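One structure below.
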Amino acid sequence: MLDSDYYELLQVERTADEKTIKSAYRKLAMECHPDRNPGCKVSEEKFKAISQAYDCLRDPQKRAAYDRFGHAAFRNGGMGGAQDFGSFSDIFENIFGEFMNGAQADRRTNMLRGSDLRYDLEITLEDAYNGKEVDLRIDTTVGCEPCGGSGAKPGTSARACNTCGGRGQVRASQGFFVVERTCPTCRGAGEVIADPCDHCRGEGRIDKQKSLNVRIPAGVDEGTRIRLSGEGEAGTRGGPAGDLYIFIHLARHAVFQRDGTTLFARCPVSFTTAALGGTIEVPGLDRQGHQIKIPAGIQSGKQLRVRGAGMTVLNGRGHGDMVIQVEVETPTRLSSRQKELLEEFRKTETGDECPASAGFFAKLKSMLG
């Protein structure tokens, strides 16, 4: 059976990928493992054969040699022989070992790494336009200086945990399965501190308020996130620090509203300027006055665009646009002379001056008969 075709032993096609081969091996190994078939020589021989087949096909170099030369590639001091598994738990170590060890490393890394911090910062629209440097005070944890972040009293050091042998995980057999859980003694650290530091009580870090000077780039918007690597909480026992995330919030502006790089503003225009046309000056966030030409006969709600007078482009060049929405203002306080002039204008109205209103009333009269 040891000289049987490896692909036939694992019941897979010759084009099968690594995942398919591993799945097939796992299924067959569980069926014929000696621990599940005590005293059965046939199962033992079959298990050895599929183990040898899997050991070859799981390795890209061995598999390539086997595909080209067959079993001859491993005779006379070739690339390798059969792989022996002492117990049923070993098969799980072989199949899942990489995954379990990776998970263990991730758990320990996550445990030692400091937490990320969030800071919500409100700035004005002018600050977002120009950029700004701000001084922040953050409540966080920093590495303990006396012990250098190790958590052990100066002059001493941590030792490997006797319970888990420094792995941070302990194993327990449940039938045919092996379960891993966090070591209750070291809590997954893999080390224990017999003589903890008096300053940090073995944590390797202490609570502290930290000052930071942060540059807010021009062009930031509501919800912009700024990441400061390593400025979060310190890790436990010398682990890496987390990150600090600053979330930007914009205070409401008295004049402008923002949509991306475009600034919007409602601009009152006198009814005479609206009727006769003219020019108005609108100050922008750049502290410059922008001349806007008002065409004669403009109506309320009409929008006029000023190119390049909008918000700064974040991490780019140039600016967006400023859009002015005209609001024709009707005077509420008129002098006697102004009233006389308006009365004269009303007497001379023919309906052509305001075609929209003239058309509306004409249509209304026709509907009412």
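Only a predicted model underlies this, so the values are computations on that prediction, with no experimental measurement involved.
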| request: Enter the distance from S150:OG to I193:CD1 here, rounded to the nearest 0.5 Å. | output: 6.5 Å
| query | Donor-acceptor pair, T141 side chain versus A234 backbone, under 3.5 Å? | reply | yes
| query | Side chains of T124 and D127: is there a donor and an acceptor less than 3.5 Å apart? | reply | yes
| remark: side-chain contact (heavy atoms from CB on, under 4.5 Å) with L121: of L136, I226, T224, only one passes, and it is L136
| query | Are K339 and E343 close enough for a salt bridge, meaning some N to O gap below 4.0 Å? | reply | no
| request: Mark yes when over 12 heavy atoms from residues, nucleotides or ligands other than Q303 sit less than 6.0 Å from its CD; otherwise mark no. | output: yes
| field | K210 atom NZ: more than 12 heavy-atom contacts under 6.0 Å | value | yes
| side chain to side chain contact (heavy atoms under 4.5 Å, CB included) assessment of E31 paired with F47 | CA-CA 9 Å; E31 291 177 357; F47 179 76; over 6 Å; no
| Does the D17 side chain pair with the main chain of T20, one donor and one acceptor, at a distance under 3.5 Å? | yes
| said: Regarding D243 and R113, does a basic nitrogen lie under 4.0 Å from an acidic carboxylate oxygen? | reply: yes
| task | Considering non-hydrogen atoms only, spot the tightest contact between A274 and V269 and give its length. | result | N-CG1, 3.9 Å
| Shortest non-hydrogen contact from L263 toward A309 | CD1-O, 4.0 Å
| query | How many angstroms lie between atom CG of L228 and atom CG of L117, to the nearest 0.5 angstrom? | reply | 10.5 Å
| For Q169 and E180, does a side-chain donor sit closer than 3.5 Å to a side-chain acceptor? | no
| Where is the tightest heavy-atom contact between G232 and T140, given as atom of each residue plus distance? | O-OG1, 3.5 Å
| said: Tell me whether D55 is salt-bridged to R63, with the criterion being a basic N under 4.0 Å from an acidic carboxylate O. | reply: no
| said: Main chain of T262, side chain of D259: is a donor-acceptor contact present, judged purely on distance under 3.5 Å? | reply: no
| Would one find more than 12 heavy atoms of other residues, nucleotides or ligands at under 6.0 Å from atom CD of Q299? | no
| message | Suppose we screen for ring-ring contact (aromatic ring centres under 6.0 Å, His included). Which residues come up paired with Y119, at least two apart in sequence or across chains? | response | none
| message | Is it true that, when you exclude R14 itself, more than 12 heavy atoms of the residues, nucleotides or ligands shown sit nearer than 6.0 Å to its CZ? | response | yes
| Shortest non-hydrogen contact from P196 toward A194 | CD-O, 3.5 Å
| query | Can you check whether Y6's main-chain N or O pairs, donor with acceptor, with Y66's side chain at less than 3.5 Å? | reply | yes
| Under the 3.5 angstrom rule, does the side chain of T273 hit a backbone N or O of G278 as a donor-acceptor pair? | no
| task | Quick one: pull up NZ in K132 and CG in N130 and give me the separation to the nearest 0.5 Å. | result | 10.5 Å
| request: Would you mind checking if K347 and E344 are paired as a salt bridge, meaning a charged N to carboxylate O distance below 4.0 Å? | output: no
| message | Rounded to the nearest 0.5 Å, what separates atom SG in C147 from atom CD in E203? | response | 10.0 Å
| With no hydrogens and no angle check, do the side chains of H199 and E145 hold a donor and an acceptor under 3.5 Å apart? | no
| task | Go through L28 and Q11 one step at a time and tell me if the side chain to side chain contact (heavy atoms under 4.5 Å, CB included) criterion holds. | result | CA-CA 9 Å; L28 293 171; Q11 301 176 15; 3.8 Å; yes
Could you go through residues 211-222 and list every donor-acceptor pair under 3.5 Å that involves a side-chain atom there, pairing it with any protein atom two or more places apart or in another chain?
unit_1	atom_1	unit_2	atom_2	d
S211	OG	R137	NH1	2.8
N213	ND2	D135	OD1	2.7
E222	OE1	L250	N	2.7
E222	OE2	H249	ND1	2.9

| field | Spacing of CG belonging to L285 relative to CE belonging to M311, to within rounding of 0.5 Å | value | 6.5 Å
| request: Establish, from distance only, whether the side-chain atoms of E327 and Q325 form a donor-acceptor pair under 3.5 Å. | output: yes
| Contact summary for C144 and P146, nearest pair of heavy atoms | SG-CD, 3.4 Å
| Under the 6.0 Å and 45° cation-pi test, does R58 pair with Y25? | no
| For the student: nearest non-hydrogen atoms of L10 and L57, plus distance | CD1-CD1, 3.8 Å
| Out of curiosity, S4 OG to L9 CG, how far, rounded to the nearest 0.5 Å? | 5.0 Å
| message | For H319, is there any backbone N or O sitting under 3.5 Å from a side-chain donor or acceptor partner on T312? | response | no
| request: Step through the shown structure and confirm whether more than 12 heavy atoms of other residues, nucleotides or ligands are within 6.0 Å of CD on Q257. | output: no
Which pairs of donor and acceptor atoms, one on a side chain in residues 155-166, lie under 3.5 Å apart (sequence neighbours left out)?
unit_1	atom_1	unit_2	atom_2	d
T156	OG1	K153	N	3.3
T156	OG1	K153	O	2.6
T163	OG1	T185	OG1	2.8

| task | Show your working on side chain to side chain contact (heavy atoms under 4.5 Å, CB included) between R26 and M30 and close with a plain yes or no. | result | CA-CA 6 Å; R26 180 176 59 181; M30 292 182 68; 4.2 Å; yes
